[in-house]
Structure formats: structure tokens, C-alpha cells
Number of protein chains: 2
Amino acid sequence: MILSSRRKRVTIKDVAQAAGVSTQTVSRVMNKFSYVSEKTRQRVETVVEQLGYNPSALARSLSQQRSYMLGVVTFGLKYIGPSRTIYGIADKADELGYMLLMKEIDNFNINSIDEVIDSLLARQVDGILWVAPEIGNNHAWVEEQRAKIIVPVLFLAMRPRSGISSVSTDNHHGGVMAVQHLLDCGRKKIGHISGPLNWWEADERKRGWRETLEKAGIGPSEQHCVEGNWSSASGEQAFIQLLETFPGMDAVFVANDQMSLGVLREAIRRGIRVPEQLAVIGFDNIPESAYFYPSLTTIYQDLQLLGEQAVQSIVEMIQARQENRSIAPQSRFLQPTLVVRESSGCVL
Amino acid sequence: MILSSRRKRVTIKDVAQAAGVSTQTVSRVMNKFSYVSEKTRQRVETVVEQLGYNPSALARSLSQQRSYMLGVVTFGLKYIGPSRTIYGIADKADELGYMLLMKEIDNFNINSIDEVIDSLLARQVDGILWVAPEIGNNHAWVEEQRAKIIVPVLFLAMRPRSGISSVSTDNHHGGVMAVQHLLDCGRKKIGHISGPLNWWEADERKRGWRETLEKAGIGPSEQHCVEGNWSSASGEQAFIQLLETFPGMDAVFVANDQMSLGVLREAIRRGIRVPEQLAVIGFDNIPESAYFYPSLTTIYQDLQLLGEQAVQSIVEMIQARQENRSIAPQSRFLQPTLVVRESSGCVL
DNA sequence: TCCTATTCTGTTATCGATAACATGTTATTA
DNA sequence: TAATAACATGTTATCGATAACAGAATAGGA
């Protein structure tokens, strides 16, 4: 026997006919809250059960001009960060009765962005979540194109712009916390291994590092920061370089946990004892970081929560629009938290 | 100004009217390959451009009974494994012109599974990819329910069943390769830290371990295997336990890289030198594993490729059905590969 | 020149639901 | 008891496209 024989879909008409009522009555039964006599209701429900009727959300979307689908545009799904966010999004969307229509993009040229948005709009999504990092001016299109986007859009991890809604982790404050922790532990010569500095998030973390040191009266030098690309390999390389340009370094703030792993590995290899000789603090708090050797002190950003909040917000925007209310666009920040473990060498 | 003013959608009628032709003609222009005079075509195209017409894929799906959407059911999206698979799926789907309608599930009771499938079918997906691990008998519903699923379905990482299509990594062979490598390196007393044994994949890896040792004339004992839950913490615990029940152990095959990390950490803490005293081999090849200390020898399963193959297969199934051809269900396996690094202590 | 094939375009029905309106039947109230 | 409200159901139009059919206009061939 072949799987999935081409059986025809059971439609509202079939049900109506079988129950001897009009399609409208069936529709009323399916959607509750309308006058239907108890007798009719039961008869229809029995037929629905028997035929296994499953209403076409597609047809419903068309006639109601509302799909209960959210368009989700992602970039870098293969990395753990985005996928944790997606998890939060999926979870909350489910809770609120929305499905996700996903589209991964692999570049940011204006044409492909246009295409992605068109394809989402063609499927009548009720709103769009933009889950792609801000790199260089890859969000420039927002200003020009947003007029044509006829549904609410919410950006994740984007530099705040007036008139546009976004939700982001407060990376700057995360950087501040990291460096402040190192200072509190008595370290003075604090280097930084940043992410790619054309990423807004990397830049913010670095700014947190610089400003905190300045505030502490320790003017950091550009020599004390080396740029990585988020990978463990780049972390290792950057660390090697930093050891040369900043020989007295007694602590390093690394912009993510993967790069921290590269640092720890190279430290062991060189016999640099962590945390005694060198304190290390990461960013993200990936699950593995608690089992690095030594375990990694890090800044925890709750990406799952970020996703949840994003869905919450956009659903509110959708509802507002549905009721013809207007809602003021806003940029929100989620605060990261400090997770102290062995690598920073002090429990405060 | 408020974002997303409630502008009305431009429809085929608007275009038809503006161009002074019938909607059918506009449809013909949009879909190419039909008789339209050059003059008309240009006129219509100009109007399309001017109005910014974007055909409703929703309406098209309804009338063509085909949506170019794939339903994707996931479980454990927050972990890196599934999300790598999703990446492969997203990439290939894009290439073949499909969008993804995603639904994450958090349990396997028959009701919620029913609901998920209904909601996908209600949106007219052309096929369904089941990206959820086989745990216990959580796939039992497949046998009973598949009759009601009127579109092709393909399972990832499922124990082969006759009459049902699936694509999986050959976990058994992965286990064989891992243990064989350790044997080749001269190890004789090989322990195993497994995943949760009600997971099909964990069970298969363990079977590879057991059978390979038996074949080598080394009857392994149940005492030489401890069950973990995939987490680094559980790996650490399992390792501690294994050290007691299997004192002479000179190598251990750990069922994933995260648990391996726990093992490596505890080994360092106890002064057990890896690989000299104890060889360690993991499974998965997560990006970080190359930067563990020591770097981890592991079995690489290409989850991204798995996702790509899955999409390729289901699209073939969909096309076959479209043309009323029948296609024999089949279970396919992808072969994992061995990645030799420091932790196994020998480059062959 | 007439006939047929090809090209071009429009009309009507359909996909599967809901919205809006209409109508008939009970119950309630003045 | 008649008027009105509440309840129950059906009819028609609509969402935005394509399929199927049909009628013209043009071109080519006998």
C-alpha cells in the first residue's frame, strides 16, 4: 500500500450536506459564539467527527484577511544563538496561536531582502520578525522600504531607530558588567577580544569595555583590543596576538563564550594559569561554558526570553492594528546578568 | 508617522483595471508561458511595476490546491543538533522554492501530535518533515494515524519502518567506527557513556560499541556502560561512576560531545591524563570540540546534509504525487565519519 | 477565396471558508 | 393580544487567484 493515498479533502460543504444544513451553520458551529440550536450543534458536531473535518485555515485566512502566521526572517540559523531565539519565538507563538513561516537569508543585498519580504507578504503573514544581526549598514533598507511593508515589523538585536520597534539585549551594559566584575576582583590591566566590529552587538560590548575602563581612570588603548570573528579559532589567534601587544594583561573580557574557549585552551598550552595569572570572562553563557576548564565566568543573555518578548510585542502590534488603534513604536532592551564561575577567580 | 499604515493590498483586479484587460490576462502575464501579445504584456508589466503588485500566494494556493510550503515539526530546537538540521532544511527548501511552516512540539502525547498535524494540513502544506527524535514508542502513532495524513511525510532520525520514508544518520556504524578506532589505537578496556537509552539514536550507538567489542573477542559487560542524558553535567557524573565500576578502563566512547566535555573536565581535575592514561572519543563534532583540551576525537554526523537530503526527498515525493506516479517509501542512511584529534592519542 | 490552425483575450466557475444581509420562528413584554 | 426582542437558519457576495471554456482575430495552406 502506498502512503498518503490521494484522498480528497473534507470541506465545509461535505459536512453541510451530510448534516443537512447550510455551510454557514457549520461555520457557526465551528467558530462557537453564535446562535445555533443545541440539536443542530450536536448533529453537526457528530458529522464533523465522523468525516474528520479539518477546516482549511488557508480559505479562512483569505476570507478574513488574517492568517495567524508570523513571518520570521533569520540569519545564521546554524549557530546556537539564533536557534535559541527561535526556540523562544516558537514557544510563545504556539502559546498565542500563531504559526511561523520561516525564511533564512544568506546575504543582505537589497534584492534578496525585497524578495523575502514579498514572499512573506504574499502569504499574508500578520507580522514579521527580523531575526538577523545588524552588520555594517545592512539595515539601511529599513528606512526606505518600510513604507511598502503593510504589516507590523519588529526587529531583534537592532540599534534603536526612531519610529521602529525593536527588542535587543543591552550589550553595552553587558560589557560594562563584565569589566566592572574584573575591576571588582582587583584586576587592572584588562584586555578585550571583540567580535567583528561591524556587528552592532560586538561594537556595543566593546564600548562597554572602553567606557568602564575610562570611568575607572584606566585609559584603555586600542592596542589592548583585538578583533575576532566569534569562532574559537579566532579567539585563540586573537589571544596570541594580545599577549604580544599587551604583555602585562591580567584579565581579558572576551566577547563570546566560543572565543573564550580558544583563549582557555591556549592559556593551558602556554602554562598561563587561569584565573591566578589571568582572569577570563565571556559572553552568552552557552550551556557548555559551565564545563570549560576552568568553568567560565560569563555574561548571560537570555535569547529565549528575547524571542518570547518579540512575539509578545508583535502580537500586540497586530492586535492594535486590527482594532485600528495606533501603538507607538519603541525600542526595548533586555538586561543580561553576570554568572560568576571559576575563570574570573573571585566570588564576590 | 506610524509604521505600517493600513494600506490596502494591490490585487490582480486593480492591475487588470488599470491596464484595461481582464484578470485572466494579468494572470497569464504573471505566470509566463501562455499566449499574450507583446504589447499587452508590456502594458501589464508596466502597471504591475507602478502599483507594486505582489500576487497573493494564499489565493494561488487555494485555487491550485498547492501551497509550496513544507510543514516542519521540531523537538528540542533549543539544542544545537536540531537547529543544524533546520539550517540544512531551510537552505534546501529555499533553493527548491519552498517555504517552511514550523511547529515545535514539547511532548509526544497523541492529542498534541494530532493537533500539530491538523494545523499543518489546514494550511495546505505540500508535505511534512518530522524532525523529532524517536524516544520510547513516541512514534507509535505513525502506524495508526498515517492514513489520515493526506500528504507525503518524511521522518528524520527514525528507526526504519517498512512502508515509511525516513532519512537518518547511521548511528550504529558511527558507534562501530568509534570503538574500532580505539581498538586500532591499541586500547582494550573500552567503556561507554551512552545517551538516554530510550532514544533510538543512543541505543544504536551503544549497540555499535557492544557489537564491535564482541567481534574483537572482548565481551563487554553492562558494568562498563553508564547512561547519561546528553548534558555535560551528566557526562561528568557518568564518568565518575564508570571510574568505580570499571577501574582498569583505558578508553571511553562517549555518545556525544557535550558529555565528553564533562569527562575531560573531570579527568583534568583528577589528574587523569588524556589521552595517555585514558583515550576519549565523542560523537557529533560540534564546532567547539576542536578546542576542547585536549581537542576531541569524535564521530562527525552531518546534520546539515541530513536536512538537505530530507527536503530533496520529500520534494521528490510531492512531485511524484502531483503527477500521480507512485514512489516506493524507503529508509535511507547517511554515513558519519571519523575525525581524529588529540583525545584518542593516535593518528593512524 | 475559403478553411483550418494558431494566437490572443474575455467570461464563468471554482478553491474553502466567512461577512453581511434576509427571513422565519420562538419567547418576552407591554 | 399585538409588538418587540432574541434566537435560529439560509442566501448571496466576497476574499484573490487559477482552470476551463469560448469567442475573436490573425496567419497559413489548399
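Computed from a predicted model, the values in this text were never measured in an experiment. The sequence lines fix the lettering, A, B, ..., with proteins before strands; numbering per chain opens at 1.
The 5' end of DNA chain D is approached more closely, in terms of each residue's nearest nucleotide, by Glu38(A) than by the other of Glu38(A) and Asn54(B). Map Thr40(B) and Arg28(A) each onto its nearest nucleotide of DNA chain C; the residue landing nearer the 5' end is Thr40(B).
Nearest to the side chain of Leu62(B), among dA8(D), dC15(C), dA17(C), sits dC15(C). Checking dG16(C), dT18(C), dT18(D) against every side-chain atom of Asn31(A), the shortest atom distance belongs to dT18(C). Of the candidates dT18(D), dG16(C), dA17(C), the closest approach to any side-chain atom of Ser27(B) belongs to dT18(D). Across dT18(D), dA17(C), dT9(C), the shortest atom-to-atom separation from the side chain of Arg60(B) is found for dT18(D).
What separates CD of Gln124(A) from P of dC15(D) is a distance of 12 Å, to the nearest Å. Between Gln24(B) atom CD and dG23(D) atom C1' there is a gap of 14 Å when expressed in whole angstrom units.
Contact between the side-chain N/O atoms of Ser37(A) and the OP1/OP2 oxygens of dT9(D) is found at a separation under 4.0 Å. In this structure, Gln65(A) reaches the dG16(D) phosphate: one of its side-chain N or O atoms is under 4.0 Å from OP1 or OP2. In this structure, Tyr35(A) does not reach the dT23(C) phosphate: none of its side-chain N or O atoms is under 4.0 Å from OP1 or OP2. For the OP1/OP2 pair of dC15(C) and a distance below 4.0 Å, the side-chain nitrogens and oxygens of Gln64(B) include no atom meeting the criterion. Taking side-chain N and O atoms only, Thr25(A) has a distance below 4.0 Å to OP1 or OP2 of dG10(D). Side-chain nitrogen and oxygen atoms of Ser63(B) include none within less than 4.0 Å of the OP1 or OP2 phosphate oxygen of dC15(C). Look at Lys13(A) and you won't find any side-chain N or O under 4.0 angstrom from OP1 or OP2 of dT14(C).
Heavy atoms of Ser22(B) sit under 4.0 angstrom from at least one base atom.
The main-chain N or O of Arg28(B) is never found under 3.5 Å from a side-chain atom of Asn31(B) such that the two would form a donor-acceptor pair.
Counting heavy-atom neighbours within 6.0 Å of Gln65(B) CD, excluding the residue itself, gives a total above 12.
The aromatic ring centroids of Phe108(A) and Phe75(A) lie less than 6.0 Å from each other.
In this structure, Arg159(A) CZ and Ser168(A) OG are separated by 10.5 Å, a value rounded to the nearest 0.5 Å.
Using the six-membered ring where Trp is involved, Trp141(B) and Phe155(B) have ring planes that are tilted, between 30° and 60° apart.
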